[in-house]
Number of protein chains: 2
Amino acid sequence: MRSFKVIRDPEAFQLLADETRRRIIYLLRVKEMTVAQIAEELKLTPQAIYHHIRKLKDADMVEVAREERVDHFIETYYQATAEMFNLAHGEAGSAKVMEQEVREALEALGKLGLKAKVDADVVSKVVELIRCMKEPDADSPITERVNELGDVSYLGKQELLEFISLMTISDKEFEDFLKNYRELRKTLRSIVAEPIQVPAKA
Amino acid sequence: MRSFKVIRDPEAFQLLADETRRRIIYLLRVKEMTVAQIAEELKLTPQAIYHHIRKLKDADMVEVAREERVDHFIETYYQATAEMFNLAHGEAGSAKVMEQEVREALEALGKLGLKAKVDADVVSKVVELIRCMKEPDADSPITERVNELGDVSYLGKQELLEFISLMTISDKEFEDFLKNYRELRKTLRSIVAEPIQVPAKA
């Protein structure tokens, strides 16, 4: 199993919002399992598990580890593709999904006692800024080579990826990133009446 | 189980560098288990598992879920404290550990075909910058209240935490952050002979 994998599926965020699917992934990070074994472990029907596995497989989060012949049929063992999924934001086609995520997060501000004015303009502006701030090298060949480093720890690899990204982007890309970051803060602060203090208790 | 937990243990990074400990955490995110059950699942001795569990418990990554009386002894069931651990960098006492991490990541640049000059000065400068860039509100009361939001998804909560952090830091803190970010990039680029291109293949 790899240390990390860049997940490009625009639905990744929604796939991982489901608790059962996350539990399946945790199990498949520990060992290879069949649909029947997972179903027994999670006390769900094989049909339900199979449905989830197919979706996770389509999104490259789960893969076939091996197949075993038992009597006259074949049992398929699955495993997770990586220990950590780096979700690639900013993919073409994912704008709608991101809009939903961002809206969800912004609307939750209200539940924390902040009066936030969330409208379509604000949401699409935040989405656009986040898409622009996407790290450029998420899926470059270097990413794969970091994965293959034998003696660097799991979290060390994440740190290394960030360092490499910071070293390899151009001055212009970096300055644009900072500019977008500033703009994102400004936009977020503009939606609340009193932007500074988040109350500790509602 | 909570969505996330801020882990303040300075050893957290090292604890998670161990594959067996990560596998234990994955299992304990799926269900409550005893030391004996984990040992059987991972084909290791209960003694070895107990040793890991104690360390993970000390670091607040694992906790006792419940105790069950069986005949005349008590069985302890463990669970993970959260689905995602947010490691609090920049804690007092963790400088030494961070130095090790950063050195490991920087030295790995060489294995990717980059001639990087990594000395003690560079390592301590990078560590200092990362410590200064730590998000200020990692462990504020608001963090706990985000955790408790019922209808916000697992990854939506992470996004919300970032938004809140960005909205609540002062202008000065934000500008300092950007300054440190710039300085970090400059420092990283200074250690390689040809700072721009990371070769795609060695």
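Everything numeric here is computed off the predicted structure, so don't read it as measured data. Proteins get letters first, then strands, A, B, ... in listed order; numbering begins at 1 in each. These values consider heavy atoms only, across backbone and side chains, with no hydrogens, waters or symmetry-generated copies.
In this structure, the portion of B/Leu42 lying under 4.5 Å from any heavy atom of chain A is its side chain and not its backbone. Of the two parts of B/Leu149, only the side chain, counted from C-beta on, holds a non-hydrogen atom closer than 4.5 Å to a non-hydrogen atom of chain A. For chain A, the nearby part of B/Arg22 is the side chain; its heavy atoms alone come within less than 4.5 Å. Heavy atoms closer than 4.5 Å to chain A are found in the side chain of B/Glu175, but not in its backbone. Proximity to chain A (any heavy atom under 4.5 Å) is shown, for B/Val146, by both the backbone and the side chain. With a threshold of 4.5 angstrom between heavy atoms, A/Phe174 approaches chain B through side-chain atoms but not through N, CA, C or O.
Of the residues considered (A/Glu41, A/Glu107, A/Arg182), A/Arg182 shows the highest number of contacts with chain B, using heavy-atom pairs under 4.5 Å. By number of non-hydrogen pairs under 4.5 angstrom with chain B, the leading residue of A/Ala17, A/Ser153, A/Gly156 is A/Ser153. Here B/Leu188 is the residue among B/Leu184, B/Leu27, B/Val102, B/Leu188 with the most heavy-atom pairs under 4.5 Å with chain A. Ranked by heavy-atom pairs shorter than 4.5 Å toward chain B, the options A/Leu160, A/Ile24, A/Asp18, A/Val30 are led by A/Val30. Ranked by non-hydrogen atom pairs under 4.5 Å with chain A, the options B/Gln100, B/Lys31, B/Glu83, B/Gln14 are led by B/Glu83.
Judged by distance alone, the side chain of A/Arg21 and the main-chain N or O of A/Leu16 form no donor-acceptor pair under 3.5 Å.
Both tests pass for B/Arg29 against the ring of B/Phe85: distance under 6.0 Å to the centre and angle within 45° of the axis.
Rounded to the nearest 0.5 Å, atoms CZ (B/Arg185) and CG (A/Leu178) are 9.0 Å apart. Distance CD1/B/Ile25 to OH/A/Tyr26: 10.5 Å, rounded to 0.5 Å. The structure places CD of A/Glu63 at 9.5 Å from CD of A/Glu32, a figure rounded to the nearest 0.5 Å. Interatomic distance, B/Glu128 CD to B/Ser124 OG, rounded to the nearest 0.5 Å: 7.5 Å.
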> Where do B/Ser3 and B/Lys157 land on the side chain to side chain donor-acceptor pair (under 3.5 Å) test, with the steps shown first?
Replying inline: CA-CA 8 Å; B/Ser3 293; B/Lys157 286 181 184 176; 3.0 Å; yes
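B/Arg66 CZ: more than 12 foreign heavy atoms inside a 6.0 Å radius.
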